[in-house]
Undergrad: 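Structure incoming, see below.
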Protein chains: 2
Amino acid sequence: MKRDDAIDAFSALAHETRLAVFRLLVKAGPEGVPALEIARRLEAKPSTLSGHLGILKRAGLVTATRRQKEILYAPNFGAVDALVRFLLEDCCGGEPGSCGELAGLGATISG
Amino acid sequence: MKRDDAIDAFSALAHETRLAVFRLLVKAGPEGVPALEIARRLEAKPSTLSGHLGILKRAGLVTATRRQKEILYAPNFGAVDALVRFLLEDCCGGEPGSCGELAGLGATISG
DNA sequence: TTCATAATTCGTCAATGCCCGAAATGACGA
DNA sequence: TCGTCATTTCGGGCATTGACGAATTATGAA
């Protein structure tokens with residue numbers, strides 16, 4: 001995870017519709033949801049939503065796979081993992097500070 | 001954590017300087033760093049940085065406490081915790097999906 | 001009080017992001 | 001091939017964000 005990748009990911013999530021899309025995909029699970037189905041559920045215009053999906057995809061937060069005519073979008077949990085570890089890197093300079101209860105997060109979620 | 005709070009937090013982190021500020025504070029630990037010291041380390045103009053600190057503070061990502069003439073800024077780890085849990089809420093509809101290794105994250109980092 | 005340091009607020013300007021309809025592309029079935 | 005469904009691309013117009021210097025507020029020391 002590089003600085004600019006993190007900024008792209010945070011920018012992608014810093015938008016009402018895109019955040020809703022990501023959370024919807026998280027709830028839906030790894031199988032994925034077709035683009036138009038997402039648009040229908042969020043009451044968004046297909047063209048507008050397509051732009052948002054492209055941004056989420058470029059940010060690495062979602063994956064897109066074709067199934068017949070449809071394109072299924074699914075969340076990339078590894079991206080969230082990487083993002084949090086980047087954010088908390090070298091927490092408290094390695095010392096067990098007030099962040100102690102969170103310091104193990106990186107190790108925990110990276111498996 | 002409400003939707004708009006999450007958007008404010010992601011927006012705050014979706015900026016080169018603000019992201020650098022937060023990560024600097026994470027590394028520095030819970031004691032905090034004075035505003036001008038942050039500006040000096042990041043080679044940013046004080047007035048510009050002040051705006052960024054205000055945004056981070058309003059987003060709940062950092063806290064500010066005065067010590068003598070200085071104002072010390074420190075990271076709010078609880079905000080990161082809440083943000084991640086909001087993002088992964090109801091992961092895979094509760095089923096043990098591919099997000100299995102991350103599903104316990106909320107419980108893990110919330111202590 | 002008076003001065004110096006620390007930090008914030010304000011005003012302007014440039015740049016970026018967002019929405020939507022219309023048109024174009026890609027994939028499948030008859 | 002032809003038609004249809006699913007999705008993306010494009011162009012225009014509006015709103016928001018970001019940077020910076022100058023002026024302002026706040027604190028502590030002489």
Side-chain angles (χ1 to χ4, degrees), chain A residues 3-25 28 31-76, chain B residues 3-25 28 31-76:
Chain A
R3 186 197 62 179
D4 287 6
D5 298 325
I7 292 175
D8 286 345
F10 285 128
S11 296
L13 294 171
H15 184 280
E16 180 177 334
T17 301
R18 290 193 298 264
L19 181 58
V21 167
F22 187 81
R23 300 219 312 148
L24 182 156
L25 294 180
E31 291 189 13
V33 182
L36 278 191
E37 170 70 12
I38 299 171
R40 189 186 62 74
R41 290 199 211 172
L42 299 181
E43 300 181 24
K45 306 292 178 188
S47 69
T48 300
L49 194 95
S50 178
H52 290 316
L53 287 171
I55 290 171
L56 286 167
K57 186 161 172 289
R58 250 171 279 133
L61 287 164
V62 306
T63 60
T65 58
R66 181 175 284 277
R67 182 187 63 182
Q68 311 270 352
K69 280 188 194 173
E70 303 170 319
I71 294 185
L72 300 178
Y73 283 88
N76 179 5
Chain B
R3 187 197 62 179
D4 288 6
D5 298 325
I7 291 175
D8 287 345
F10 285 128
S11 297
L13 293 171
H15 184 282
E16 181 177 333
T17 301
R18 290 193 298 263
L19 180 59
V21 168
F22 187 81
R23 300 219 311 149
L24 182 157
L25 295 180
E31 290 189 14
V33 182
L36 279 190
E37 170 70 11
I38 299 171
R40 190 186 62 73
R41 290 199 210 171
L42 299 181
E43 299 181 24
K45 307 292 179 189
S47 68
T48 301
L49 194 95
S50 179
H52 290 317
L53 287 171
I55 290 171
L56 286 166
K57 185 160 173 288
R58 249 172 280 133
L61 288 164
V62 305
T63 60
T65 57
R66 180 176 285 276
R67 182 186 64 182
Q68 311 269 352
K69 279 189 196 174
E70 303 170 319
I71 294 184
L72 299 178
Y73 284 88
N76 178 5

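Here is how names work: the chains are called A, B, and so on, in the same order as the sequence lines, proteins then strands, and each is numbered from 1.
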Undergrad: Which residues pass the salt bridge (Lys or Arg N to Asp or Glu O under 4.0 Å) test with A:Arg40, not counting sequence neighbours?
TA: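 Here the qualifying residues are A:Glu37.
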Undergrad: For the residue pair B:Gly32 and B:Ala74, what are the closest heavy atoms and their distance?
TA: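 That would be CA-CB, 3.9 Å.
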Undergrad: May I ask you to list the residues of residues 35-48 of chain B, by number, that have any heavy atom positioned under 4.0 Å from an atom of DNA chain C?
TA: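 Output list: B:Ala35, B:Leu36, B:Pro46, B:Ser47.
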Undergrad: Please report, rounded to the nearest Å, how far the P atom of D:dT8 is from the CG atom of A:Leu49.
TA: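 Atom-to-atom, A:Leu49 to D:dT8, this comes out as 8 Å.
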Undergrad: Rounded off to whole Å, could you give me the CD1-to-P distance for the B:Ile71 and D:dT25 pair?
TA: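 The distance from CD1 of B:Ile71 to P of D:dT25 comes to 16 Å, rounded to the nearest Å.
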Undergrad: Provide the closest heavy-atom pair for A:Val62 versus A:Phe22 in the form atom of the first, atom of the second, distance.
TA: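 That would be CG1-CD1, 4.1 Å.
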Undergrad: Between which nucleotides of DNA chain C, read 5' to 3', does contact with chain A run, using atoms under 4.0 Å from its heavy atoms?
TA: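 So the outermost contacting nucleotides come out as C:dC18 to C:dC28.
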Undergrad: Return all side-chain donor-acceptor pairs below 3.5 angstrom for residues 64-72 of chain A, not counting sequence neighbours, or 'none' if the list is empty.
TA:
from, atom 1, to, atom 2, distance (Å)
A:Arg66, NH1, A:Gln68, O, 3.4
A:Arg66, NH1, A:Lys69, O, 3.2
A:Arg67, NH2, A:Glu70, OE1, 3.2

Undergrad: In residues 61-70 of chain A, which ones come under 4.0 Å of DNA chain D, going by heavy atoms?
TA: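 Contacting residues: A:Lys69, A:Glu70.
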Undergrad: How long is the span from the CG atom in B:Leu13 to the CG atom in A:Leu13, to the nearest 0.5 Å?
TA: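 Spacing of CG (B:Leu13) from CG (A:Leu13) equals 10.0 Å.
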Undergrad: Between atom NE2 in A:His52 and atom P in D:dT9, what is the gap in whole Å?
TA: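 Those two atoms, NE2 and P, are 14 Å apart.
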Undergrad: Would you say A:Tyr73 places a side-chain N or O within less than 4.0 Å of OP1 or OP2 belonging to D:dA6?
TA: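 Indeed not, no polar side-chain atom of A:Tyr73 lies that close.
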Undergrad: For DNA chain D, determine which residues of residues 13-25 of chain A have any heavy atom closer than 4.0 angstrom to one of its atoms, and list them numerically.
TA: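 Heavy-atom cutoff 4.0 Å gives no residues at all.
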Undergrad: Could you state the atom-to-atom distance from CD1 of A:Ile7 to C1' of D:dT17 in whole Å?
TA: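 For the pair A:Ile7 CD1 and D:dT17 C1', the rounded distance is 15 Å.
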Undergrad: For residues 44-57 of chain B, which side-chain donor-acceptor pairs fall under 3.5 Å, sequence neighbours excluded?
TA:
from, atom 1, to, atom 2, distance (Å)
B:His52, ND1, B:Arg18, NH1, 3.2

Undergrad: To the nearest 0.5 Å, tell me how far A:Leu61 CG sits from A:Leu25 CG.
TA: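 Nearest 0.5 Å value for the CG-CG distance: 10.5 Å.
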Undergrad: Hey, what bend do you get for the helix from C:dT1-D:dA30 to C:dA30-D:dT1 if you fit axes on five pairs at each end, rounded to 10°?
TA: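 The helix from C:dT1-D:dA30 to C:dA30-D:dT1 shows an end-to-end axis angle of 30°.
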Undergrad: Apply side-chain contact (heavy atoms from CB on, under 4.5 Å) to B:Ala6 and list each qualifying residue two or more places apart in sequence or on a separate chain.
TA: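 B:Ala6 satisfies side-chain contact (heavy atoms from CB on, under 4.5 Å) with A:Leu19, B:Met1, B:Phe10, B:Leu83, B:Phe86 only.
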Undergrad: Listing request: all side chain to side chain donor-acceptor pair (under 3.5 Å) pairs with a residue in residues 4-17 of chain A, at least two apart in sequence or in separate chains.
TA: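 As it turns out, the side chain to side chain donor-acceptor pair (under 3.5 Å) pairs with a partner in residues 4-17 of chain A, which skip direct neighbours, are A:Glu16-B:Arg3.
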